[in-house]
Protein chains: 2
Amino acid sequence: MEKEITIYDLAKILALSPATVSRALNDHPAINVKTKMLIAEKAAELGYRSNTFASHLRTRKTNTLGVIVPRLNSNFMSTVLAGMEEVANNFGYNLLISQSLESEAKERANAKTMFNSRVDGLLVSVAYDTDSFDHFSAFIDRNIPVLFFDRVLAHPQCGNVVIDNEQAGYDAARHLLDEGCRKLIHVTGDLRRNVYADRLAGFQRAMKKADIRTDDTMILTTDLSQDAGRSVAEKIHQMDQKPGGLFIANDLCAVTCMQALQERGYSIPTDIAVVGFNNDPVSQVITPQLTTVFYPGYQMGKTAMMAVVGQLNGTKPLDFMEPIILRSELMIRRSSKRSESS
Amino acid sequence: MEKEITIYDLAKILALSPATVSRALNDHPAINVKTKMLIAEKAAELGYRSNTFASHLRTRKTNTLGVIVPRLNSNFMSTVLAGMEEVANNFGYNLLISQSLESEAKERANAKTMFNSRVDGLLVSVAYDTDSFDHFSAFIDRNIPVLFFDRVLAHPQCGNVVIDNEQAGYDAARHLLDEGCRKLIHVTGDLRRNVYADRLAGFQRAMKKADIRTDDTMILTTDLSQDAGRSVAEKIHQMDQKPGGLFIANDLCAVTCMQALQERGYSIPTDIAVVGFNNDPVSQVITPQLTTVFYPGYQMGKTAMMAVVGQLNGTKPLDFMEPIILRSELMIRRSSKRSESS
DNA sequence: CAAGTTAATGCAATCGGTTACAATACAAGA
DNA sequence: TCTTGTATTGTAACCGATTGCATTAACTTG
């Protein structure tokens with residue numbers, strides 16, 4: 001096991017002071033170019049690596065950003081993370097990633113860990129049941145940038161990166177209406193979460209505009225799991241008046257529900273038209289292919305990370321507060337096409 | 001912005017020495033229980049948090065583990081990561097995660113970053129084109145545990161966590177043969193990677209046992225992307241002698257290929273039976289459902305992390321070298337069932 | 001040639017815990 | 001009473017990089 005080289009070792013070997021070595025390695029302008037070269041060479045030769053702890057201790061910066069997501073193993077989240085990782089990496093930041101498993105308690109614990117690890121910034125998509133903002137205020141108090149993405153909390157000092165869920169919900173419902181469905185059902189998640197509340201709001205706006213009264217029986221609040229998809233199918237099967245269209249706020253749930261309906265003999269889209277959300281790979285694999293809302297996950301990750309990094313580098317100072325809204329798009333596929341129009 | 005409390009502040013307030021405070025906070029036996037209580041109380045009251053850098057600087061431990069994966073946004077990998085995260089979190093370790101994007105160069109850069117971040121251990125699933133072990137030897141030299149999972153490199157001092165790919169490949173091919181397919185085609189990835197080489201070996205063993213000669217035209221080496229799936233379908237369409245069975249080493253590719261074949265009018269499994277690999281959610285969504293190999297991703301993540309953590313805690317000292325092999329299982333579904341047997 | 005600049009480097013304190021090595025106090029044993 | 005032991009706390013060096021404030025040498029300029 002080799003001994004670790006320090007700037008003191010380098011200094012001694014080259015008959016210089018540690019200060020000069022430090023400055024040279026950081027490309028300080030006051031240091032002679034030739035000296036820099038000399039030091040860089042020797043450092044490489046001896047396999048010197050900077051001790052980040054000493055450095056962090058002194059500079060009070062960690063070059064590490066925390067990310068808290070509900071789950072790692074969803075197509076959408078892992079795509080977002082991939083985007084984040086790319087940007088962070090480019091700017092020399094490390095990522096500390098943890099998952100809340102949809103529980104506020106765990107999210108709280110994760111936030112605390114991040115705080116104690118002294119991350120320079122935090123990116124969060126909140127859990128299903130998160131009610132309070134408490135666990136993030138420690139960051140705000142210490143001026144550590146906090147940015148929410150996808151599932152956001154509104155807070156005057158936190159950035160938000162989202163899509164226009166209301167509009168997407170409107171478009172989805174509108175499309176089903178356009179295809180001739182009268183009775184619609186919307187399957188949603190926890191309405192404390194903006195993503196679901198907004199999609200619902202859009203759904204209702206479309207209904208209202210079409211002069212169709214919406215009542216509670218048309219809104220099914222679930223956890224959007226695959227099991228939920230199956231039980232939604234069951235519930236529909238029990239209904240006297242079957243819906244003509246189904247708007248489900250998550251592709252995996254929608255797909256499972258479609259399959260369950262098909263097993264029960266329903267034909268899609270003839271009997272029931274279905275629209276999902278996220279443009280998950282499964283949406284293109286199911287028969288008929290699922291109409292869904294394209295969600296720019298990769299770009300969302302990149303954008304969110306850019307915002308935080310910009311904030312830290314002082315590039316983007318103030319425009320942090322206004323939410324960044326990314327474009328989403330309804331991808332019309334066979335699961336909802338009743339008309340012969342195409 | 002509140003000022004950060006240090007053990008010196010605590011010491012001054014309580015009229016004690018920093019050493020006592022430090023020991024008390026670390027539950028050192030030499031400190032009086034009452035003193036400990038006193039200090040703990042005050043620390044909580046003032047919102048003291050340990051400065052991990054100062055601590056790491058002194059102790060030379062980071063409590064951080066590095067993970068390098070080819071991509072974050074694949075169902076399999078994100079499941080593995082979810083498992084790793086859970087264990088790491090339980091044992092008080094943080095995770096530094098980065099992706100190589102299937103490039104050895106990026107993997108090399110990532111490894112270097114991890115090294116400079118002084119991770120206590122490293123878990124890697126290598127990129128498509130990784131040839132050398134160089135970038136990991138720095139860790140070995142410094143006695144930092146390195147463990148490979150899924151896509152592994154053999155090295156006497158590195159742990160391996162895998163499934164029995166050879167057997168899985170054998171089972172897949174054997175199943176197709178049992179279903180009456182004579183001419184088989186195997187679509188694989190870069191054969192430098194154990195996972196693909198082993199699956200191929202299993203495939204060949206099954207063929208040999210069935211007394212069918214395998215030649216190069218039966219083995220298609222691709223990047224297993226969705227595009228690859230489409231071009232495989234095209235290639236098959238061009239063949240004079242169509243294969244009766246298709247064993248594709250990745251579900252997403254298999255599914256895309258199936259769709260492309262179906263579009264061209266082939267019926268699955270009647271014309272061509274298909275077997276995939278990974279048990280990705282898409283495999284249950286496509287029609288007909290895809291026969292595939294269940295891959296215990298979550299468990300693989302947990303197991304790999306356990307091995308490293310055990311190593312670091314001195315619990316598991318030596319048995320690190322022998323590879324850990326997890327159970328995989330052929331999930332027989334409709335895409336390969338020709339016989340009426342069930 | 002003295003005074004003033006400029007360029008390059010060094011000194012030493014600092015960041016906040018950790019820990020080897022005392023130091024102190026008090027009680028028990030000789 | 002004096003010695004020894006035990007329990008508890010303190011002193012101070014250290015981990016390695018950073019940086020404000022000199023210092024030194026070399027170069028201009030009047």
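Proteins come first, then strands; the chains are lettered A, B, ... in the order of their sequence lines, and each starts at number 1. Because the structure is predicted, anything quoted here is derived from the model rather than measured. Side chains included, hydrogens not; waters and symmetry mates left out as well; all remaining heavy atoms used.
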J.: Any ion pair linking A/R192 and A/D131 (charged N to carboxylate O, less than 4.0 Å)?
T.: yes
J.: Quickly work out the A/N32 CG to C/dA7 P distance and round it to whole Å.
T.: 12 Å
J.: Please report the distance, rounded to the nearest Å, between CG in A/L57 and P in D/dT18.
T.: 11 Å
J.: Whether A/E41 and A/K36 form a salt bridge (side-chain N of Lys/Arg under 4.0 Å from carboxylate O of Asp/Glu) is what I want to check.
T.: no
J.: For A/I31 and C/dT9, give me the distance from atom CD1 to atom P, rounded to whole Å.
T.: 6 Å
J.: Can you confirm whether A/V308 sits close enough to A/L65 that some side-chain heavy atom of one is under 4.5 Å from a side-chain heavy atom of the other?
T.: yes
J.: For the pair made of NZ in A/K36 and C1' in C/dA7, what is the distance, rounded to whole Å?
T.: 12 Å
J.: From CG of A/L38 over to C1' of C/dA8, roughly how many Å is that when rounded to an integer?
T.: 14 Å
J.: Using a 4.0 Å cut-off on protein heavy atoms (strictly under), produce a 5'-to-3' string for nucleotides 17-28 of chain C with B for base contact, S for backbone-only sugar-phosphate contact, and - for none.
T.: BBBBB-------
J.: Give the intermediate values and the outcome of side chain to side chain donor-acceptor pair (under 3.5 Å) for residues B/D120 and B/T62.
T.: CA-CA 6 Å; B/D120 290 341; B/T62 67; 3.2 Å; yes
J.: Under 4.0 Å between any heavy atoms, over every strand shown, what does A/T35 touch: base, sugar-phosphate, or nothing? Just pick one.
T.: sugar-phosphate
J.: Figure out the CG/C1' separation between B/L10 and D/dG10, and round it to whole Å.
T.: 17 Å
J.: Send over the distance from A/H28 NE2 to D/dT19 C1', rounded to a whole Å.
T.: 9 Å
J.: Starting at NZ of A/K12 and ending at P of D/dG16, how long is that distance when rounded to a whole Å?
T.: 12 Å
J.: Does a salt bridge link A/E102 with A/R193, judged by any charged N lying under 4.0 Å from a carboxylate O?
T.: no
J.: Does B/R49 make a cation-pi contact with A/F115 (under 6.0 Å, within 45 degrees of the axis)?
T.: yes
